[in-house]
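Here is the structure we will look at, set down as C-alpha cells.
Remember, it's a predicted structure, so these values are computed and weren't measured experimentally.
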Amino acid sequence: MTVDEQMDVLRRATTEIISEEALAEKIKRGEPLRIKLGVDPTARDVTLGWAVVLRKLRDFQRLGHQAVLVIGDFTAMIGDPSGKSKTRKQLTKEEVLENVEAVKEQFGKILDIEKTEIRFNSEWLGKMTSANWLRLCSQVTVARIMERDDFAKRWAAHQPIAMHELMYPLMQGTDSVALEADVELGGNDQKFNNLMGRTLQEVAGQEPQCVVLSPLLVGTDGTEKMSQSLGNYVSIVDTPNDMFGKTMSIPDGLILDWFELCTDVPMEEVRAMLTEDKNPRDAKVRLAKEIVALYHSPEAAQQAENYFVETFSKGNQPVEAVEAEIPTDQINDLRRVGVAALISALELAKSNGEARRLMQAGAVSLDTERLTDPFLSLPVDQMRGKILRVGRHQFRKLR
C-alpha cells in the first residue's frame, strides 16, 4: 500500500494523530515502526471499548509494523486516574496477575499474537532505584503535571490527589523510552500520558513518538463510557447470543459510532444503511451480526440472529435457556433466596450492588413477573423451574 493508502486505514476510528505529517514521514522510511499500546489489566474481560485501541494496533500490524503490547503489571497496581474524580483503588500484585492471565488469551481474538511483542513494564519500572525515580521526577515540573485535565478539575474542587497518581504519566512515558516506541496508541483520555512519552523520549535523546488517539466507545446505556464497573459493556468473550442481544439494546444514536469503532464495514456503506428512508433496526441487526462474526463466526452470528428473533421479536421465553442450580450458600434458614445475591452468584451481574441497580431499573424478571425491589427475597420452591431474566439478553432456568 502507498503511504496515503496506509494513512487512510489508520485515520479510521481516530480523533487525533500527533502529527499526521510526522507519522507519514516515519512510514515513508520503509522500515517497520514500533507501535506501542499499553494496557493495565484492571479487569478480566476485554470489552468492545478496550478492543477499539487493540484493533488500531491490529491495523498497524497488518500494514507490516511491529505491534508492541505493554502489559502494565507494575502500573496496574497504581491505577491510571484518567477520567476519575477520585483516587482509584490500588490492586495487589496477585489481583493484577490473575487479570493478566484472564485477558492474555483474549488478545489473540484481535491481534496476531505470534507476531506481537508482549512486554511487562515491571521489567524496567520494577528495577528502578530511588535515585532513578528522583531523576525521573526532575525532568517534569509540577505545573506541567497539573495541566492534566482530571488533575486540574480535582484540584479546583478541593478533592485529594495522591502523590502516586502524579507519577503515573511519568511511568507511562518511561515505557515509551524503554521500548523506543515510534508510535503510541491510546484513547482520548490518554492524550496527556502519551504526550509525556514524547517529552521523556526527547530528554533521552530519542525521536519523539507519534500519538494516535481513538474515541472512547459509549456503552450500551447510551450515556457513559463502556465500563465493566458500570455494567454497560459487551465482552469479546460473551456468548454469541449475549453479544447479539446487548448490541441490539444500544440506542439508535450509537449505531454509526459502533460501526466505525467496532467493525471493518466501510463507512460509506454504513451511511447508506442509515438514511432517513431506512429502518435503523436493520442497520443494528447488521452491526450485531458483524460483531458476533468477528469474535465467533458468521455461522454463530446467523444463529444468534435467529435466537434473537424467536426470543425477543416474538416475545417468547428462550426454551433453550441455560439451566442454573440455585447455590446452596444463597439459601437461608427460611428456605428463601435474596434475588440480588442470586443474580451476582450466577455471574449475571458483577456484584450485589449492580444487581440491585438492575432490579430498580426494571431489568430483572422471573418468568413474566418483573422484580423491582432491590432487597427482595423469594422462597426457593417458588423460584425453581422458572426463568430468571436479567437485562434483555441473559436468561437462566433455575433448578
Side-chain angles (χ1 to χ4, degrees), residues 43-45 47-50 83-86 89 216-255 257-258 262 280-281 284-285 287-288 291 304 307-318 321-322 324 326-327 330 336-379 382-383 386-398:
R44 297 190 177 192
D45 279 3
T47 67
L48 292 184
W50 193 356
K84 298 295 181 180
S85 60
K86 60 183 179 181
K89 174 185 177 292
L216 304 178
L217 186 69
V218 175
T220 54
D221 57 0
T223 55
E224 299 287 344
K225 178 182 79 169
M226 184 173 286
S227 166
Q228 292 181 57
S229 62
L230 295 176
N232 64 347
Y233 70 98
V234 180
S235 166
I236 69 170
V237 291
D238 277 342
T239 65
N241 289 346
D242 281 357
M243 190 177 285
F244 193 100
K246 288 180 183 181
T247 303
M248 290 298 295
S249 75
I250 68 171
D252 292 349
L254 295 184
I255 295 174
D257 286 347
W258 275 48
C262 303
R281 184 186 182 282
K284 201 181 294 184
V285 169
L287 172 65
I291 291 172
Y307 173 86
F308 184 86
V309 170
E310 288 298 316
T311 302
F312 301 98
S313 299
K314 297 183 179 179
N316 297 333
Q317 291 283 12
V322 176
I326 297 175
Q330 298 298 321
R336 297 177 72 87
V337 176
V339 177
L342 175 62
I343 291 170
S344 178
L346 295 178
E347 299 183 347
L348 300 176
K350 291 292 184 183
S351 65
N352 290 359
E354 181 186 332
R356 293 190 186 100
R357 289 192 292 274
L358 289 168
M359 295 178 72
Q360 289 174 310
V364 176
S365 61
L366 192 64
D367 279 353
T368 58
E369 180 185 359
R370 186 164 292 178
L371 309 179
T372 57
D373 179 357
F375 299 100
L376 177 68
S377 66
L378 293 171
Q382 182 179 320
M383 301 184 76
K386 294 186 177 180
I387 292 178
L388 177 67
R389 177 173 178 169
V390 179
R392 298 185 180 185
H393 51 271
Q394 297 186 105
F395 297 88
R396 295 294 184 271
K397 187 171 184 179
L398 301 176

For the [atom1] atom of [X] and the [atom2] atom of [Y], what is their distance to the nearest 0.5 Å?
X      : Y      : atom1 : atom2 : answer
Met226 : Thr47  : CE    : OG1   : 6.0 Å
Leu287 : Ile250 : CG    : CD1   : 5.5 Å
Asp242 : Thr247 : CG    : OG1   : 10.5 Å
Ile326 : Arg396 : CD1   : CZ    : 13.5 Å
Ser235 : Met243 : OG    : CE    : 6.5 Å
Leu371 : Met383 : CG    : CE    : 7.5 Å

Looking only at non-hydrogen atoms, find the nearest pair between [X] and [Y] and report the distance.
X      : Y      : value
Ala340 : Ala355 : O-CB, 3.5 Å
Ala304 : Phe244 : CB-CB, 3.8 Å
Gly219 : Leu254 : O-CD1, 3.4 Å
Arg356 : Pro374 : CG-O, 3.4 Å
Asn352 : Ser344 : OD1-CB, 3.1 Å
Pro251 : Gly222 : CG-CA, 3.7 Å

From the options Asp238, Asn232, Thr220, select the one residue that forms a side chain to side chain donor-acceptor pair (under 3.5 Å) with Lys246.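 That would be Asp238; it is the only one of Asp238, Asn232, Thr220 passing the side chain to side chain donor-acceptor pair (under 3.5 Å) with Lys246.
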Under 3.5 Å donor-acceptor, Gln330 side chain and Ala345 backbone: no
Under 3.5 Å donor-acceptor, Glu354 side chain and Lys350 backbone: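 A pair under 3.5 Å: yes.
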Side chain to side chain contact (heavy atoms under 4.5 Å, CB included) between Leu378 and Leu366, worked out: CA-CA 11 Å; Leu378 293 171; Leu366 192 64; 4.0 Å; yes
Quick one, Leu358 and Val390 - any side-chain contact, counting heavy atoms below 4.5 Å?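 They are in side-chain contact.
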Answer yes or no: is there a side-chain heavy-atom contact under 4.5 Å between Leu398 and Leu342? yes
Step by step, would you call Ile291 with Ile236 a side chain to side chain contact (heavy atoms under 4.5 Å, CB included)? CA-CA 9 Å; Ile291 291 172; Ile236 69 170; over 6 Å; no
Does the pair Trp50 and Leu217 meet the rule for a side chain to side chain contact (heavy atoms under 4.5 Å, CB included), with working shown? CA-CA 8 Å; Trp50 193 356; Leu217 186 69; over 6 Å; no
Start with the C-alpha distance between Thr239 and Tyr307, add both sets of side-chain angles, then the distance that settles side chain to side chain contact (heavy atoms under 4.5 Å, CB included), and finish with yes or no. CA-CA 12 Å; Thr239 65; Tyr307 173 86; over 6 Å; no
